[in-house]
Colleague: 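Structure incoming, see below.
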Amino acid sequence: MTLAAAHGVIAWVATVALAVGAALLIRGHARARWVAVAALTLTALAAALGAPLSWAYRQHMRQRLFIHSADLGWLFERKLHVSAVLTALALATLALLAAAPHAADPRLARELRRGARVGVAIVAALALFASVASRLAVSSVAR
Amino acid sequence: MAEGGTARAAIAVALAWVAAALAYVLQRAGEVALFPSANPAALIYTAEDPFAWRVAIALYAGGMALFGGWALVRRRPLLAARLAWLGSLAATLAVVTQAALWP
């Protein structure tokens, strides 16, 4: 499996896991925290696999993509920006999830759990956009 | 109530990552506004990777924000925790706006 394929597969698995994690956190499910941690970790792994592809994208794929379709080219550029931000927010949310069990003040623990719910929901939405945009752009060039 | 070191450190780290996200968006928006780039369909080769530079600078900004975040969480942990997730919302709105208007 190539690095690009691994990145794509793990990104999609992370997208689904994030959606499940967000739903479980909102409902207050007992295992929600662990599902969310696993999903956010997968997100970070997908980003780590995707980062080295940036150079290859600029050198080999970007021009082809824009010649084929400027709209898909700009869609993939948008995907890059969203991916960078969602990775940072995923790591921020992981930190909030790590902080919540150690908060001595109940108000702080409640705020951290609320922050984790918001964070996972945001990252799930951004990841869905990034995964769909990437799939549309890459499949058009691969043909 | 005094908070433990683990919770405080984790909240400071969260603030740092939120700052990194905002720094990325500000960079790209500024880049598009101030430095017109070549038509991607006509660009055969480039010696630099602007994406990698934006990420590196965002990480640097996040590292700087870590110190400010630590100072805030020591004094006002509840405010710091609230700022972390409100900042996440702000970063999301910012990237959606930037991606829509200045990709």
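Numbers restart at 1 for each chain; the letters A, B, ... are given by sequence-line order, proteins then strands.
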Colleague: Which atoms of A/Leu80 are under 4.5 Å from chain B, going by heavy atoms: the side chain, the backbone, both sets, or neither?
Modeller: both
Colleague: Shorter than 4.5 Å, heavy atoms on both sides: which option in A/Ala109, A/Ala84, A/Ala98 has the most such pairs with chain B?
Modeller: A/Ala84
Colleague: Does some side-chain heavy atom of B/Leu43 sit less than 4.5 Å from a side-chain heavy atom of A/Arg62?
Modeller: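 Yes, at least one pair of side-chain atoms sits under 4.5 Å.
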Colleague: Got a donor-acceptor contact below 3.5 angstrom from the A/Gln63 side chain to the B/Ala41 backbone?
Modeller: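 Such a contact is found between A/Gln63 side chain and B/Ala41 backbone.
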Colleague: For chain B, which residues from residues 27-57 of chain A lie under 4.5 Å away (heavy-atom distances)?
Modeller: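 The stretch touches chain B at A/Ser54, A/Trp55.
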Colleague: As an exercise: rank A/Leu97, A/Thr93, A/Val82, A/Leu89 by heavy-atom pairs under 4.5 Å with chain B and give me the winner.
Modeller: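 Between A/Leu97, A/Thr93, A/Val82, A/Leu89, the count favours A/Leu89.
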Colleague: Are A/Glu111 and B/Trp85 packed together at the side-chain level, in the sense that at least one heavy-atom pair is separated by less than 4.5 angstrom?
Modeller: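 Yes, side chains in contact.
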Colleague: Let's test your reading of the structure: which of B/Ala100, B/Ala58, B/Gly62 forms the most heavy-atom pairs below 4.5 Å with chain A?
Modeller: B/Ala100
Colleague: Among B/Gly87, B/Ala21, B/Pro40, B/Ala12, which residue forms the greatest number of heavy-atom pairs with chain A at distances under 4.5 Å?
Modeller: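 Between B/Gly87, B/Ala21, B/Pro40, B/Ala12, the count favours B/Pro40.
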Colleague: Determine the minimum heavy-atom distance between A/Arg58 and B/Glu48, stating which atoms define it.
Modeller: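 Reported closest heavy-atom pair: NE-O, 3.8 Å.
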Colleague: Taking the side chain as everything from C-beta on, heavy atoms only, tell me whether B/Leu78 gets closer than 4.5 Å to A/Arg107.
Modeller: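 Yes, their side chains come closer than 4.5 Å.
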Colleague: Please state whether the side chain, the backbone, both or neither of A/Leu91 comes within less than 4.5 Å of a heavy atom of chain B.
Modeller: both
Colleague: Would you compute the distance between atom CZ of A/Arg78 and atom CH2 of B/Trp102 and round it to the nearest 0.5 angstrom?
Modeller: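 Result: 12.0 Å between the selected atoms.
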Colleague: Looking at B/Ala42, B/Pro103, B/Ala9, B/Pro50, which has the largest count of heavy-atom pairs under 4.5 Å with chain A?
Modeller: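 Option with the greatest count: B/Pro103.
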Colleague: Between the side chain of A/His81 and the main-chain N/O of B/Val25, is any donor-acceptor distance below 3.5 Å?
Modeller: no
Colleague: So, do A/Val85 and B/Thr92 sit near enough that their side-chain heavy atoms are less than 4.5 Å apart?
Modeller: no
Colleague: Among A/Arg117, A/His60, A/Gln59, A/Lys79, which residue has the highest count of heavy-atom pairs closer than 4.5 Å to chain B?
Modeller: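 Top option by heavy-atom pairs under 4.5 Å: A/Gln59.
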Colleague: Is there side-chain contact between B/Ile11 and A/Leu108, with heavy atoms separated by less than 4.5 Å?
Modeller: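 Yes, close enough: below the 4.5 Å cut-off.
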Colleague: How would you list, in number order, the residues of residues 9-26 of chain A that have a heavy atom less than 4.5 Å from chain B?
Modeller: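 Residues in range: none.
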Colleague: Could you pull out the closest heavy-atom pair between B/Ala7 and A/Ala99, with the gap in Å?
Modeller: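 Smallest interatomic distance, heavy atoms only, reads O-CB, 3.8 Å.
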